[in-house]
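What follows is a short report on a single structure.
Below, chain A is the first sequence line, B the second, and so on; all start at residue 1.
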Number of protein chains: 2
Amino acid sequence: MSKAGDLTPGQYRDLAEFRRQIRRFLHFSEATAKEHGIEARQHQLLLAVHGLPEGANPTIREIASRLFIQHHSAVELVNRLELAGAIVRRPGARDRREVWVRLTPAGRAILRKLALAHRTELERSGPELAQSLNSVLRHSRRAMAS
Amino acid sequence: MSKAGDLTPGQYRDLAEFRRQIRRFLHFSEATAKEHGIEARQHQLLLAVHGLPEGANPTIREIASRLFIQHHSAVELVNRLELAGAIVRRPGARDRREVWVRLTPAGRAILRKLALAHRTELERSGPELAQSLNSVLRHSRRAMAS
DNA sequence: CACATTTGTATCGTATCACGATCTATTATG
DNA sequence: CATAATAGATCGTGATACGATACAAATGTG
């Protein structure tokens with residue numbers, strides 16, 4: 001309750017710098033997505049669908065779970081992406097309540113360009129991000145105690 | 001234009017997993033901030049102000065720059081935080097166009113709790129995040145070429 | 001097999017947030 | 001001093017997320 005749980009100014013700065021690195025990456029991602037005609041969240045949905053682990057089905061629920069959003073938020077994203085022509089809905093083959101989402105060729109083309117841009121950006125700024133995370137962990141309670 | 005810039009399914013999965021790790025952390029951050037009565041962005045502003053590097057002044061513009069948002073977006077965040085009692089505005093001493101933002105004791109108390117929670121979460125999930133980033137970089141173009 | 005329950009998706013209303021455009025106040029400059 | 005540049009603030013709009021609610025298909029129960 002007392003000093004044990006407190007944070008030094010340096011630790012606040014470490015946390016702030018880590019968040020700044022994350023924000024920097026997300027800001028790049030938002031700007032790049034918009035340059036390619038979609039919103040950042042829509043890009044993330046495309047990536048989540050196309051980067052689904054083997055055996056996972058691209059249903060609304062599965063996507064929502066992987067994006068850590070509610071299913072109806074995923075519905076709205078899918079609506080906008082369908083309108084933009086990046087994906088199509090297909091009724092589930094077995095369970096006809098389900099909707100399977102598939103990328104259109106246009107959607108795949110956008111995702112490919114964005115993925116390349118993000119990979120390049122991560123090559124550039126990833127190390128900084130990793131280092132800011134390390135600073136937080138290095139100066140954290142457990143690291144200090146050990 | 002051809003194969004050189006293309007991505008394998010595994011690389012899409014690496015990118016998707018990295019984004020998932022980031023989303024996981026941000027989702028934790030959003031939920032935790034809300035539990036403490038503020039929004040995620042407002043928390044980030046508090047952290048940015050309190051974790052400012054030595055010598056940097058907590059003006060609206062400086063804050064906006066560190067959060068990678070436009071100055072008027074920062075104004076809105078400051079409005080809501082002032083309403084919530086977490087910060088106060090002070091007119092700039094030298095340049096009276098400036099507004100310096102200071103955390104109130106209540107704001108510091110919230111930020112402290114959130115910083116502790118985030119540190120704990122990063123101790124828990126930080127390594128996974130770092131590893132997913134490494135996977136992207138390890139399998140990236142330059143790493144392959146070298 | 002009829003019917004209640006569960007599950008998957010969709011719709012509606014509301015709040016936060018970000019932005020562009022525009023405005024005011026203060027400071028700097030020619 | 002007139003004008004330009006800078007720091008904030010305000011307004012309107014669009015994307016997003018959520019809770020509450022609705023509906024349709026599948027599943028469980030008597």
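Scanning for salt bridge (Lys or Arg N to Asp or Glu O under 4.0 Å) contacts around R102(A) gives an empty result, with sequence neighbours left out. Residues meeting the salt bridge (Lys or Arg N to Asp or Glu O under 4.0 Å) test with R90(B), sequence neighbours left out: none. Shown here are the salt bridge (Lys or Arg N to Asp or Glu O under 4.0 Å) partners of R41(A), two or more places apart in sequence or in another chain: there are none. For S65(A), the side chain to side chain contact (heavy atoms under 4.5 Å, CB included) test picks out no residue, with sequence neighbours left out.
V99(B) comes within 4.0 angstrom of the backbone, heavy atoms only, and of no base.
For residues 68-84 of chain A, the set of pairs meeting the salt bridge (Lys or Arg N to Asp or Glu O under 4.0 Å) definition, not counting sequence neighbours, comprises E82(A)-R89(A).
The distance between atom NE2 of H27(A) and atom P of dA18(C), rounded to the nearest whole Å, is 11 Å. Summarising the geometry, the separation between CD on Q70(A) and P on dA10(C) is reported as 15 Å, rounded to the nearest angstrom.
A heavy-atom distance below 4.5 Å is not found between the side chains of N79(A) and L83(A). T59(A) has its side chain out of reach of V99(A): every pair of non-hydrogen atoms, C-beta onward, lies at least 4.5 Å apart. Between I38(A) and L114(A), the closest side-chain pair of non-hydrogen atoms falls below 4.5 Å. L129(B) places a side-chain heavy atom less than 4.5 Å from the side chain of F18(B). For the pair Q131(A)/P127(A), no side-chain contact is recorded, criterion being any heavy-atom separation below 4.5 Å from C-beta on. With a 4.5 Å cut-off on side-chain heavy atoms, V101(B) and L81(B) do not count as touching.
Between E76(A) and W100(A), the residue anchored nearer the 5' end of DNA chain C, judged by the nucleotide with its closest heavy atom, is W100(A). Between R23(A) and E98(A), the residue anchored closer to the 5' end of DNA chain C is E98(A), taking for each the nucleotide with the nearest heavy atom.
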Donor-acceptor pairs under 3.5 angstrom involving side-chain atoms of residues 21-29 of chain B: please list them, not counting sequence neighbours.
residue	atom	partner	partner atom	Å
Q21(B)	NE2	E17(B)	OE2	2.8
R23(B)	NE	L67(A)	O	3.2
R23(B)	NH1	E30(B)	OE2	3.4
S29(B)	OG	R19(A)	NH1	3.0
S29(B)	OG	R19(A)	NH2	3.4
S29(B)	OG	H118(B)	NE2	2.7

Pair up each side-chain donor or acceptor in residues 44-58 of chain B with any protein partner under 3.5 Å, not counting sequence neighbours, and list the distances.
none

Exercise for the section: Evaluate the side-chain contact (heavy atoms from CB on, under 4.5 Å) criterion for residues L15(B) and L122(A): first the C-alpha distance (whole Å), next the side-chain angles of each, then the deciding distance (0.1 Å), finally the verdict. Expected result: CA-CA 10 Å; L15(B) 278 170; L122(A) 284 175; 4.0 Å; yes
Exercise for the section: Dump the intermediate steps for side-chain contact (heavy atoms from CB on, under 4.5 Å) on L137(B) and D14(B), then the final yes or no. Expected result: CA-CA 9 Å; L137(B) 298 183; D14(B) 283 346; over 6 Å; no
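Contact check, S73(B) against dC17(C): no side-chain N or O comes under 4.0 Å of OP1 or OP2.
Here the side chain of H36(B) pairs a donor or acceptor atom with the backbone of T32(B) at under 3.5 angstrom.
Within a heavy-atom distance below 4.0 Å of DNA chain D, the residues of residues 58-69 of chain A found are I69(A). Near-neighbour residues of DNA chain C inside residues 33-57 of chain B, defined by a heavy atom below 4.0 Å, number-ordered: E39(B), R41(B), Q42(B). Residues from residues 82-93 of chain B lying near DNA chain C, meaning a heavy-atom separation below 4.0 Å, are absent.
In summary, contact between chain B and DNA chain D, defined as any nucleotide atom under 4.0 Å from a heavy atom of the protein, begins and ends at dA5(D) to dG12(D) in the 5' to 3' direction.
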Completion exercise
Nucleotide by nucleotide, nucleotides 22-30 of chain C touches protein heavy atoms under 4.0 Å in the pattern (B base, S sugar-phosphate only, - none) ---BBS---
